[in-house]
Amino acid sequence: MDIRATDTPLLEWTGDGLVIGLFEDAVELTGELATLDEKLANSIKELITEEEFKGKQGSSVFTRIGANSPVRKIILVGLGKPEALKLDSLRRAAATAARLAKKQKTKTLGISLPIWNNDPTQTAQAIAEGVQLALYQDNRFKSEPEDKGPQVETVDLLGLGGQEAAITRGNQIAAGVFLARQLVAAPANSVTPITMAETAQQIASDHGLQIEILEQEDCEKLGMGAFLGVAKASELPPKFIHLTYKPEGTPKRKLAIIGKGLTFDSGGLNIKGAGSGIESMKIDMGGAAATLGAAKAIGQLKPDVEVHFISAVTENMISGRAMHPGDILTASNGKTIEVNNTDAEGRLTLADALVFTEKLGVDAIIDLATLTGACVIALGDDIAGLFSPDDALAKEVEKASVASGEKFWRLPMEEKYFEGLKSGIADMKNTGPRPGGSITAALFLKQFVKETPWAHLDIAGPVWTEKENGYNGPGATGFGVRTLVNWVLSDS
Ligand code: BES
Ligand code: MN
Ligand code: ZN
């Protein structure tokens with residue numbers, strides 16, 4: 001699919017489907033639109049009246065125009081109230097239109113949406129992202145592709161002539177999101193620690209990043225007892241991935257992104273029971289997937305920032321070699337952990353990843369993890385938890401998320417709750433009581449960061465969606481990639 005920027009006037013554009021965005025309660029046609037409607041024998045006005053189209057955010061209607069018309073179909077998308085227009089409203093409107101256009105077998109599409117905040121560059125990028133993300137299709141595991149019909153081939157962004165670079169950026173970011181979605185959607189017999197390392201190798205060679213894969217012996221030498229404790233029962237070798245993007249010249253900042261990389265989480269000997277969603281636990285490498293997706297995008301966007309992408313990848317399995325509930329592990333910073341629940345494994349792998357990362361001497365660290373069911377209970381499927389002892393870094397993440405449209409809500413790191421992790425025999429337990437479960441998980445991670453500004457993102461909810469939701473789903477969302485990219489690119 002080719003997305004193009006053009007200054008062709010609305011009245012002169014020809015093709016299969018023309019998308020027009022209209023604000024809520026402002027659906028009377030004026031100016032260019034009135035002229036276009038006249039040219040189309042009042043079809044737009046009729047469509048609005050017949051369908052009682054009000055311009056509500058997320059709504060859409062369409063109509064066919066006579067066969068000899070230069071425009072075959074008109075698609076109207078609602079933008080909501082003009083004063084509430086966000087950049088993400090345009091991303092969503094473009095997605096709604098693209099989905100409808102595909103259903104209507106529209107090959108050539110023109111999109112006319114308002115420019116957000118007098119910023120044609122951000123507008124063009126967001127629309128390109130919305131179109132790409134909505135038309136994503138994953139046929140890898142189907143013997144026959146499901147959508148054999150005609151595909152959208154060209155998309156013209158009207159009124160955005162000259163914004164080719166912004167569209168390219170949108171495409172590159174979408175490619176990062178696609179990689180994350182593919183990794184999360186693929187089952188655990190397809191995406192393993194070995195293939196994750198191979199994917200990282202591929203990114204390194206495609207986009208010129210440096211790569212280091214630490215094997216089990218390397219991790220042993222570094223004393224990564226927490227990570228290796230989790231990996232013990234798996235038949236597959238653990239892989240510790242470290243990709244580095246280095247800009248030419250001196251970087252403005254050095255940053256690190258860490259992703260939880262459990263290619264499957266059975267729970268270990270505290271095995272996940274019936275109704276626990278064990279069959280969905282292929283998604284437990286969603287943090288690592290977002291990390292690799294961001295690496296793919298950053299490798300193409302080439303900012304003036306050094307970025308380290310890290311994941312301690314393994315499976316949480318059961319076998320005669322499995323860690324026992326109650327085992328004591330020693331992490332690479334020397335701290336000892338009583339594993340009172342083997343299903344709280346993500347924080348064990350992240351502990352050693354955090355210690356490793358802080359030694360790189362970066363200015364800030366963000367980790368992403370499908371860490372707790374408690375976070376899903378607290379914030380639902382759409383919103384990720386944001387935890388940070390550093391207000392400035394928390395603000396950076398919040399700022400990056402506004403433009404990305406990915407939602408985060410900051411939760412407190414209530415020190416008092418660390419009492420729930422006190423152990424009689426080791427430095428700490430890995431699991432606290434059920435209440436405040438996502439907070440104690442964050443407090444556990446904090447034990448492995450000394451002084452570098454750090455934020456933890458619990459993405460257990462938004463990593464997956466059962467239903468179609470805006471430009472996502474159904475299925476893996478690739479959540480996190482866009483916020484990470486915005487964070488790296490921001491000039492904080
Ligand atoms: N991977 C899970 C968390 C999870 C739950 C992710 C639902 C996505 C959807 C994590 O390893 C886990 O099992 N967490 C436990 C922690 C508990 C044992 C303290 C949980 O949330 O129940
Ligand atoms: Mn678990
Ligand atoms: Zn897990």
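The first residue in the sequence is number 1, and the count goes up from there. Quick caveat, the model's predicted, so the values are computed rather than measured. Remember, it's 1-based here, ligands and their atoms both numbered in the order they're listed.
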Should [X] and [Y] count as an ion pair when the cut-off is N to O under 4.0 Å?
X      : Y      : answer
Asp391 : Lys395 : no
Lys102 : Asp147 : yes
Glu306 : Lys252 : no

Protein residue, atom and distance nearest to [atom], heavy-atom basis:
atom                    : result
atom 15 (C) of ligand 1 : Asp343 O, 4.1 Å
atom 10 (C) of ligand 1 : Leu371 O, 3.3 Å
atom 19 (C) of ligand 1 : Thr431 CG2, 3.3 Å
atom 7 (C) of ligand 1  : Met281 CE, 3.7 Å
atom 2 (C) of ligand 1  : Asp265 OD2, 3.6 Å
atom 20 (C) of ligand 1 : Gly373 N, 3.9 Å

Aromatic plane relationship, Phe356 with His242 - under 30° parallel, 30 to 60° tilted, over 60° perpendicular: perpendicular

Atom 22 (O) of ligand 1 protein-contacted (non-hydrogen atom, under 4.0 angstrom): no

Thr372 N/O to ligand 1 N/O under 3.5 Å: no

Angle, OD2 of Asp265 through the Mn ion (ligand 2) to OD1 of Asp343 - 10° precision: 100°

Residue Trp116 excluded, over 12 heavy atoms near CH2 under 6.0 Å: yes

Tyr417 atom OH: more than 12 heavy-atom contacts under 6.0 Å: no

Heavy-atom pair with the smallest gap, counting every atom of Pro238 and Ala231: CB-CB, 3.8 Å

Any Asp284 heavy atom less than 4.0 Å to ligand 1: yes

Gln210 and Thr244 side chains, donor-acceptor separation under 3.5 Å: no

Asn486 side chain to Ser404 side chain, donor-acceptor N/O pair below 3.5 angstrom: no

Reference residue Asn270; test side chain to side chain donor-acceptor pair (under 3.5 Å); the match among Thr431, Asp343, Thr342: Thr342

Mode of Asn341 contact toward ligand 1 - side chain, backbone, both, neither (heavy atoms, under 4.0 Å): side chain

Proximity to ligand 1 by part of Arg434, non-hydrogen separation under 4.0 Å: neither

Closer than 2.8 Å to the Zn ion (ligand 3) - protein N, O or S atoms, ordered by chain and residue number: Lys260 NZ, Asp265 OD2, Asp284 OD2, Glu345 OE2

Contact atoms of ligand 1, heavy-atom distance to Glu345 under 4.0 Å: 11 (O)

Proximal ligand 1 atoms for Ile283, defined as those under 4.0 Å from one of its heavy atoms: 8 (C)

Proximal heteroatom of Glu345 relative to the Mn ion (ligand 2) (N/O/S): OE1

Axial cation check for Phe387 ring with Arg410, 6.0 Å and 45° limits: no

Among Lys260, Lys272, Arg347, closest by any non-hydrogen atom to atom 13 (O) of ligand 1: Lys272

Candidates Lys260, Lys272, Lys232 - the one meeting salt bridge (Lys or Arg N to Asp or Glu O under 4.0 Å) with Glu345: Lys260

Option passing side chain to side chain contact (heavy atoms under 4.5 Å, CB included) with Arg181 (candidates Asp138, Val463, Asn472, Val481): Asn472

